[in-house]
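None of these values were measured; they are calculated from a predicted model.
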Amino acid sequence: PITLITGQEYELVFVAQHRILSANDDHTYMYTISDDAVMSRNPSAAVTSGEQLDVFVFVDKVGPIVGNITKSITLERPVAQINVATSAGASDGSVYGPGISHIDVDFSNVPQSYDIRSRAYSGTTLLSFENLPISAAPIKVGNIDYTSLTTLYILGGNRVDMTISSGSNQKTITNIATAPNYKTNVVGNI
C-alpha cells in the first residue's frame with residue numbers, strides 16, 4: 001500500500017528487477033531508471049547469470065484521488081529471452097573440450113534504453129557478458145535435444161548479432177530477430 005494525497009493525480013512507475021546485495025549490505029540493480037523513467041542496463045552490475053537480466057515494468061496514471069482504491073496491474077516484460085544451445089559436444093562430455101565450462105557472449109545492435117512511459121526503445125549498444133557458466137540443463141527445440149549454453153535477456157525488438165567465445169573457439173551469428181516477451185532460440189552445431 002502507498003499513501004496518496006486526496007485531489008492529486010499521480011503517474012506511478014513500477015519496476016521489478018534483480019538486485020545484488022554485497023557483503024556490506026549495499027545493493028546494485030541490474031537496470032538504472034532515470035527520473036524520466038528511461039531504463040538502461042547498469043554497467044556496474046556484474047552479471048553472473050542470464051536470468052538476472054529479466055525485468056518487468058508498468059506505468060499507471062491515477063487520480064484525482066478521492067479515497068481508498070485497490071487496483072490490479074499487469075507487469076510487462078520489455079526484454080527478449082535468448083536461449084543459446086548447441087548440438088556439438090566433446091568425447092569427455094564437455095561442450096568445448098576439457099576444462100572449458102564458461103563462455104563469453106557479445107551482442108551488437110541491442111537497444112540502449114527503454115522509455116517505460118512511451119514504451120519506446122532508443123539507441124543501440126554492444127553488450128558483453130564474460131565468463132558465463134555453461135548450463136547443465138538440456139533444451140528441446142522441436143524434437144531435438146541441445147546442450148544449453150546460456151539464457152540471456154536483452155532489451156528486445158532489434159535484430160542483433162551475437163558472438164560466442166570459449167577458449168580459442170569463436171562463432172558469430174548475425175541478424176537474430178528478437179521481440180519483447182518472446183523467446184529466441186539460437187541452436188545448432190555452435
Side-chain angles (χ1 to χ4, degrees), residues 15-18 29-33 38-58 75-90 94-97 100-116 118-190:
V15 179
Q17 64 172 315
H18 188 82
Y29 289 99
M30 297 309 292
Y31 296 91
T32 59
I33 314 296
V38 175
M39 179 178 81
S40 58
R41 167 115 159 61
N42 182 354
S44 67
V47 178
T48 58
S49 157
E51 299 289 330
Q52 294 172 332
L53 298 167
D54 203 359
V55 62
F56 299 88
V57 299
F58 185 76
L75 297 172
E76 300 168 352
R77 179 186 271 153
V79 292
Q81 183 187 82
I82 310 246
N83 296 305
V84 183
T86 183
S87 57
S94 68
V95 176
Y96 284 118
I100 296 180
S101 60
H102 290 76
I103 60 172
D104 299 333
V105 181
D106 294 324
F107 288 103
S108 60
N109 200 40
V110 176
Q112 185 172 13
S113 63
Y114 177 70
D115 187 321
I116 299 170
S118 66
R119 295 180 168 160
Y121 298 88
S122 64
T124 59
T125 190
L126 171 71
L127 289 181
S128 295
F129 305 99
E130 296 180 354
N131 210 25
L132 293 172
I134 294 174
S135 172
I139 183 174
K140 186 182 260 323
V141 178
N143 291 326
I144 301 173
D145 287 324
Y146 294 91
T147 301
S148 176
L149 298 178
T150 192
T151 296
L152 293 166
Y153 292 85
I154 62 173
L155 291 175
N158 285 2
R159 290 190 169 267
V160 299
D161 297 336
M162 176 182 65
T163 300
I164 305 167
S165 306
S166 181
S168 61
N169 297 303
Q170 182 171 320
K171 177 76 173 179
T172 299
I173 302 164
T174 60
N175 204 26
I176 301 167
T178 67
N181 202 36
Y182 279 86
K183 293 180 183 180
T184 298
N185 296 319
V186 179
V187 296
N189 188 17
I190 299 172

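- With sequence neighbours excluded, the residues forming a salt bridge (charged side-chain N to carboxylate O under 4.0 Å, His left out) with E76 are R119, listed by chain and number.
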- Item | Verdict with reasoning, L155 to R41, per side chain to side chain contact (heavy atoms under 4.5 Å, CB included) | CA-CA 9 Å; L155 291 175; R41 167 115 159 61; over 6 Å; no
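- Going from atom OG1 of T124 over to atom CG of N158 covers 7.5 Å, rounded to the nearest 0.5 Å.
- Taking each heavy atom of P180 and Y121 in turn, the nearest pair found is CG-OH, 3.2 Å.
- Atoms OG1 and CD1, from T178 and I154 in turn, are 5.0 Å apart once rounded to the nearest 0.5 Å.
- The salt bridge (charged side-chain N to carboxylate O under 4.0 Å, His left out) test applied to D161 returns no partner, not counting sequence neighbours.
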Under 3.5 Å, sequence neighbours excluded: what are the donor-acceptor pairs made by side chains of residues 77-84?
{"from": "R77", "atom 1": "NE", "to": "D54", "atom 2": "OD1", "distance (Å)": "2.9"}
{"from": "R77", "atom 1": "NH1", "to": "N181", "atom 2": "OD1", "distance (Å)": "3.3"}
{"from": "R77", "atom 1": "NH2", "to": "D54", "atom 2": "OD2", "distance (Å)": "2.8"}
{"from": "Q81", "atom 1": "OE1", "to": "N83", "atom 2": "ND2", "distance (Å)": "3.0"}
{"from": "Q81", "atom 1": "NE2", "to": "Y153", "atom 2": "OH", "distance (Å)": "2.6"}
{"from": "N83", "atom 1": "OD1", "to": "T151", "atom 2": "OG1", "distance (Å)": "2.8"}
{"from": "N83", "atom 1": "ND2", "to": "N185", "atom 2": "OD1", "distance (Å)": "3.0"}

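- The distance from atom CG of L127 to atom CG of L152, rounded to the nearest 0.5 Å, is 9.5 Å.
- From M30, atom CE reaches atom NE2 of H18 across 6.5 Å, with rounding to the nearest 0.5 Å.
- Note on residues 124-133: no pairs pass salt bridge (charged side-chain N to carboxylate O under 4.0 Å, His left out), not counting sequence neighbours.
- With sequence neighbours excluded, the residues satisfying side-chain hydrogen bond (donor to acceptor under 3.5 Å, both in side chains) with T163 are T172.
- Under the rule for a side-chain contact (heavy atoms from CB on, under 4.5 Å), the partners of D145 that lie at least two apart in sequence or sit in another chain are K140.
- In this structure, OG1 in T150 is found 8.5 Å from CD in E51, a value given to the nearest 0.5 Å.
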Just list the side-chain donor-acceptor pairs under 3.5 Å for residues 106-113, sequence neighbours left out, or say none.
{"from": "D106", "atom 1": "OD1", "to": "S128", "atom 2": "OG", "distance (Å)": "2.7"}
{"from": "N109", "atom 1": "ND2", "to": "R159", "atom 2": "O", "distance (Å)": "2.7"}
{"from": "S113", "atom 1": "OG", "to": "S122", "atom 2": "OG", "distance (Å)": "2.8"}

**Worked check of side chain to side chain contact (heavy atoms under 4.5 Å, CB included) between Y29 and V15** = CA-CA 11 Å; Y29 289 99; V15 179; over 6 Å; no
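- Evaluation of the side-chain hydrogen bond (donor to acceptor under 3.5 Å, both in side chains) rule for N131 yields no partner, not counting sequence neighbours.
- Residues that satisfy the ring-ring contact (aromatic ring centres under 6.0 Å, His included) test with Y182, not counting sequence neighbours, are absent from this structure.
- Partners of S40 under the side-chain hydrogen bond (donor to acceptor under 3.5 Å, both in side chains) rule, at least two apart in sequence or in another chain, are T32.
- For K183, there are no salt bridge (charged side-chain N to carboxylate O under 4.0 Å, His left out) partners at least two apart in sequence or on another chain.
- With rounding to the nearest 0.5 Å, the separation of OG in S166 from CG in D104 is 7.5 Å.
- For the pair I139 and A85, the tightest heavy-atom approach, listed with the atom from each and the gap, is CG2-CB, 3.2 Å.
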